[in-house]
Structure formats: C-alpha cells, structure tokens
Amino acid sequence: MKKFLKHITYGFFFFVLINLLIVLKYEYPAYKAIKEKTHKNYLKWNSIYENKNTYDLIILGSSRSYTGFNPKVIDSVLKLKSFNMGTSAQDIAESYHSLVEILNYQNPKYVVLETFLDLSDDIHDYYQIFSNASFFKSSSNKFELITNGYGSNGMANYIIPLMKFNNYIKQDIIAVFSNTAQKAPETDWYKGYLKDTLIITKKKIAALSPVPNFDNTPFNKERFNTYFSKINELTKSKGIKLIVLRAPYPPTRLKLDDNTDEESFYKNYFKNIKDVEYYDLNHYKADIFKYIDEDFSDHHHANLTGANKISLQLSDIIKTN
C-alpha cells in the first residue's frame, strides 16, 4: 500500500511539474507581451475599455476578420468609428460572450459578424479562447463563457495547461523534425486590424484544399443556431443593426470542387431570420469587387490588397442599405 501511494505521489508530482513547465513555455511570452503592452488581445480590450461609447461599428469573428476588415478604409468611406474585435479561431460562443462584454462599454450602431463553418464546430482552440476571455473585466461573463460555452471540457482545459496547449505542443514537436520556418511576430496592428503584406505563393495555390463543407468540417448546426440566436436577440434588444458576412476565399480554392455546403447553409439559414442582413463576399457585386489569388496571404486570410476590397465591400453594404 505504501509503495502504491508512493507511486501515486511521484506521478502527481511529475504531472504538476510537466504542467508548470508548459505554463512557463507557453504562458510566459503572453505575460511578457502584456507587461510590455504588445499583446494583441490586451490591446484590443484596452481600446474597448478606455474609449467608452466611442465605436459606431464593431467587427467580430476569427483571424479572417482581423486580417480582412481595415477600420481605416471603413471609417474613411462611412465617416464612422469602427473597431475590429476579431480574434484567432473565435468560436460562435466566444463571439457571443465577447459581444456581451463589449456592450457593457460600447454602444455601436452596427455589429458585423464574420462566420464560416469552422467557427461553429465541436473542435475548439481553448488557448485562443481563454486568452481572449482572460481580458474580460466581468468575472461572471468569463465564468459563463467557460462553463456554458464549453462545459466540462472547457473547465478541464481552463484548469489543466497540458490539455489547453496540447495542439501547440504537437505543432512544436513536428516543427523540430520538419524544420518548419517560424512565423514572424505580428506587429502591424491598427484598431484591431492586422496589416499583412504577404502574398500567397504559386506553390501554396497549387496545394489548396476545398473550402469547408459538411464532409471535411464537423459543423454543429445546433451550436450555431443556439449562439447566433443569442447574438441576434442581444443586438435587437440594444437597437443594433446586425450584419453577417462570409469572408472571401482565393478564387482557385472556390473552384476546386462544386460543393456548396457552406455557401448554401448560410444563404438558406438567413432567409428565415428577420431584420438580419447576410452577405457572401465571394459573390457580393463580383463585377466590381473582383478577387484574385494574390489578394490572400494563404488559403483563407486576406492580405493588404484583399483587405482593402473586403473593407470597401462592407462599406458599400452599409451605404447601400
């Protein structure tokens, strides 16, 4: 019995040590960036908290948002004050709880929600989710995001670093053996928008895979409906105009197959939603806003030239309607 307890104690000690080392490896850079006031999510939330009731237009969504919507372009056309609150891998539940937090400090006329199938599936990047939520001033909102948004898996990932950083650990191990080039730090930010000047290479264009569909993405329709309904109800209660967008993809990627699961789902879903405008930017006024592969930095992120087109599309949507 003593020997068994000894093994249990050693195992527990080793488990704690591993998790502490993981925290040092993956959390310390974020802590350092916050201290130096360079952490992107810290800067975004600071702008929301310190500039109370300033922004007329708030953009929510994933990295496809924060590389795609440039407030400088939008504001110059619409004469508004916009802010891009897109964050990496922003899940639909995270978008909802972020909006709850934002509306405690801002009173926008418009909320723009960027969405695609990957943001409403059952696979979550808990590190990115909790990094964003860590800056919420409301402890109750943060608690509700963790418990209601992600349940027992969310609580386990929040408590145990080994689970939260599992995918990042795997990526780092793979990078050691594959000599994968390290990404340059993202530094060129403006009102939540990341200016990216990288242009997708011909080699990467040739290796593109089909856009998300029901076969290659574990899309959860019920989850999407639950949290979109919450976002819709919240914006309606505040008298805010809600606009939902599907951001564009490189044209070559769209042509890889004739599967239209993503396009058709949103188009049909929003037919039945009153007072919410939905636009697919792959097709919105395509004769005017023509995308080419070189408008993108990779398989679905816009670069500077692509972002200018996306931002002009959004501006046109608001001006026209």
TODO: Would you name the heavy atoms of Gln106 and Thr54 that are closest together and state the gap between them?
DONE: OE1-N, 2.8 Å
TODO: Decide whether Ile310 and Leu60 are clustered together by the hydrophobic rule: side chain heavy atoms of Ile, Leu, Val, Met, Phe, Trp, Tyr closer than 4.5 Å, transitively.
DONE: no
Open item on the list: Using ring centroids (six-membered ring only for Trp), state whether His124 and Tyr150 fall under 6.0 Å.
Closed with: yes
Open item on the list: Do Lys309 and Tyr291 form a cation-pi contact, if we require the NZ or CZ to be under 6.0 Å from the six-membered ring centre and within 45 degrees of the ring's axis?
Closed with: yes
TODO: Classify the ring geometry between Phe219 and Phe224 as parallel (under 30°), tilted (30 to 60°) or perpendicular (over 60°).
DONE: tilted
Task: Sequence-distant partners of Phe136, ring pair (Phe, Tyr, Trp, His ring centres under 6.0 Å), two or more places apart - done: Trp45
TODO: Please examine the side chains of Val111 and Lys241, heavy atoms only from C-beta on, and report whether any two atoms are closer than 4.5 Å.
DONE: no
TODO: Check Asn148 against Tyr227 and note the closest heavy-atom contact, atom names and distance.
DONE: O-OH, 3.2 Å
Open item on the list: Does either side chain, that of Tyr127 or that of Ser88, offer a donor lying less than 3.5 Å from an acceptor on the other one?
Closed with: no
Task: Over-ring placement of Lys221 relative to Phe214, 6.0 Å and 45° cut-offs - done: yes
Task: Side chain to side chain, Phe116 and His300, heavy atoms closer than 4.5 Å - done: yes
- [ ] Apply the test ring pair (Phe, Tyr, Trp, His ring centres under 6.0 Å) to residues Tyr249 and His299: give CA-CA distance (whole Å), side-chain angles for both, the deciding distance (0.1 Å), then the verdict.
- [x] CA-CA 7 Å; Tyr249 294 99; His299 65 295; 8.4 Å; no
Task: Pair Phe228 and Tyr266, ring centroids less than 6.0 Å apart - done: no
- [ ] Measure up the Phe289 and Tyr284 rings against each other and bin them: parallel (under 30°), tilted (30 to 60°), perpendicular (over 60°).
- [x] parallel
TODO: Keeping the roles fixed (side chain from Asp295, backbone from Pro250), state whether a donor-acceptor pair exists under 3.5 Å.
DONE: no
- [ ] Assert yes or no for the condition that the ring centre distance of His39 to Phe135 is strictly below 6.0 Å.
- [x] yes
- [ ] For the residue pair Trp189 and Tyr66, categorise the inter-ring angle as parallel (less than 30°), tilted (30 to 60°) or perpendicular (more than 60°).
- [x] tilted
Task: Of all pairs that satisfy side chain to side chain donor-acceptor pair (under 3.5 Å), the ones with a partner from residues 70-79, not counting sequence neighbours - done: Asp75-Ser82, Asp75-Lys191
Task: Glu262/Arg246 salt bridge by N-O under 4.0 Å criterion - done: yes
Open item on the list: What I'd like to find out is whether the side chain of Leu312 reaches to under 4.5 Å of the side chain of Asp316, using heavy atoms alone.
Closed with: no
